[in-house]
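Here is how names work: the chains are called A, B, and so on, in the same order as the sequence lines, proteins then strands, and each is numbered from 1.
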2 protein chains.
Amino acid sequence: MKPRHMHLTEDCRAVSDILQRVGDKWTVLVVGKLGEGPMRFNELRTTVGGISQKMLTTTLRGLERDGFVTRTVYPTIPPRVDYELTELGFELLEPVNALGEWARMNTARVKAARARFDAAADAAR
Amino acid sequence: MKPRHMHLTEDCRAVSDILQRVGDKWTVLVVGKLGEGPMRFNELRTTVGGISQKMLTTTLRGLERDGFVTRTVYPTIPPRVDYELTELGFELLEPVNALGEWARMNTARVKAARARFDAAADAAR
DNA sequence: AGTGCTGGTATCCAATGGATACTAGAGCTT
DNA sequence: AAGCTCTAGTATCCATTGGATACCAGCACT
């Protein structure tokens, strides 16, 4: 790692790009669940909770496209589709979990800051 | 409750919440820049590049609300507003930079996966 | 008098998010 | 035999959001 700040625009774009994929409300939850093992479509839907079919499909397609999950179709009746994290997916999970850990430790502070800010905004009105 | 897996829905929500704040396309870039030191509004706008005034304002307000940056107004003419990372902001920067590092190391792999997926999709048509 | 600088709003339109309804195809129920 | 169910999705529609553009105040400079 370099002591110089490598915050060149190009690098930051890449970071932003990945973070947009990862930070779209459902991706983390889905990847988190898949981190525990392969899962079927509806299994994911129920355990994640609150996600619509369309959004789960969209999320999974995106993850598949970027090489984070594999999609395996069993042409049985009724159909069965397994989703599983790839190697790349597991590697991604690591820094994401670090951020997740931070989030768990600091939600209280963020909430407090929000309450302060909102109270000040109300007072100003 | 004594979970072996810490992927409880409640925790994941918190993670998702933070990631949504962090992953909204501009936040990382702005926080990254501010990590190098305090900056003025238009200074940020030009160095980040490609961000509209409205989005920069929105992003900064959100960050301020959540306690990641401070906003200091100097009532001079023309006005001058400095934005600076708080302690909390710097702490956030750490796991975010870890994820950023991962992103920098792996963009090639993601791009390759995308190209593969898109080629397969085209072939299927 | 006009122009520029600053850090913003206001307005409008396109893109996205998400709820709901629908599909196929076989099995089970009645 | 008619209808319901279970699965993994599309299709459709509408609300929310993202983002480009235009406008604003207030003073200094020419």
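Computed from coordinates, the A:Ile51 CD1 to C:dG18 P distance equals 8 Å when rounded to whole Å. Atoms CD (B:Gln20) and P (D:dT16) sit 16 Å apart, rounded to a whole Å. The nearest whole Å value for the distance from the CZ atom in A:Arg71 to the C1' atom in D:dA8 is 8 Å. Between the CG atom of A:Asp82 and the C1' atom of D:dT7 there is a distance of 13 Å, given to the nearest Å. Atom CD1 in A:Ile77 sits about 11 Å away from atom C1' in D:dA8, given to the nearest Å. For A:Phe41 and D:dC6, the CZ to C1' distance is 14 Å, given to the nearest whole Å. Straight-line distance from the CG atom of A:Leu44 to the C1' atom of D:dT7: 14 Å, rounded to whole Å. Across the protein-nucleic acid pair, B:Arg45 atom CZ and C:dC5 atom C1' stand 12 Å apart, rounded to whole Å.
OP1 or OP2 of C:dG8 lies within a sub-4.0 Å distance of a side-chain N or O belonging to B:Arg61. Residue B:Trp26 places at least one side-chain N or O closer than 4.0 Å to OP1 or OP2 of D:dG19. For the pair B:Arg40 and C:dG7, the criterion of a side-chain N or O lying under 4.0 Å from OP1 or OP2 is met.
Using five terminal pairs a side, the axes of the helix from C:dA1-D:dT30 to C:dT30-D:dA1 at its two ends make an angle of 30°, given in steps of 10 degrees.
Applying the salt bridge (Lys or Arg N to Asp or Glu O under 4.0 Å) rule to pairs touching residues 37-47 of chain B yields nothing, sequence neighbours excluded. For the salt bridge (Lys or Arg N to Asp or Glu O under 4.0 Å) condition, the pairs that include at least one residue of residues 80-89 of chain A, sequence neighbours left out, are A:Arg80-A:Asp82. Annotation: salt bridge (Lys or Arg N to Asp or Glu O under 4.0 Å) contacts involving residues 46-70 of chain A, sequence neighbours excluded, comprise A:Arg21-A:Asp66, A:Arg65-B:Asp118, A:Asp66-B:Arg114.
Looking at heavy-atom distances under 4.0 Å, B:Tyr74 makes no contact with the nucleic acid at all. Backbone-only contact: B:Arg80 has heavy atoms under 4.0 Å from sugar-phosphate atoms and none from a base.
Remark: B:Trp102 CH2 to A:Leu93 CG distance equals 10.5 Å, nearest 0.5 Å. Remark: A:Thr47 OG1 to A:Leu29 CG distance equals 9.5 Å, nearest 0.5 Å.
Mapping B:Gln53 and B:Thr58 onto DNA chain D by nearest heavy atom places B:Thr58 at the nucleotide closer to the 5' end. Nearest-nucleotide positions on DNA chain C place A:Ser52 closer to the 5' end than the other of A:Pro78 and A:Ser52. Taking for each of A:Val81 and A:Lys54 the nucleotide of DNA chain D with the nearest heavy atom, the 5'-most of the two is the partner of A:Val81. A residue-by-residue look at B:Val73 and A:Lys25 shows that B:Val73 has its nearest nucleotide of DNA chain C further toward the 5' end.
Not a single side-chain contact (heavy atoms from CB on, under 4.5 Å) links B:Thr46 to another residue, sequence neighbours left out. When the side-chain contact (heavy atoms from CB on, under 4.5 Å) test is applied to A:Val81, the partners found at least two apart in sequence or on another chain are A:Arg71, A:Val73, A:Tyr83.
Among the nucleotides C:dG8, C:dG7, D:dG19, the one closest to the side chain of B:Met55 is D:dG19.
Around the CD atom of A:Gln20, the shell of radius 6.0 Å holds more than 12 heavy atoms that belong to other residues, nucleotides or ligands.
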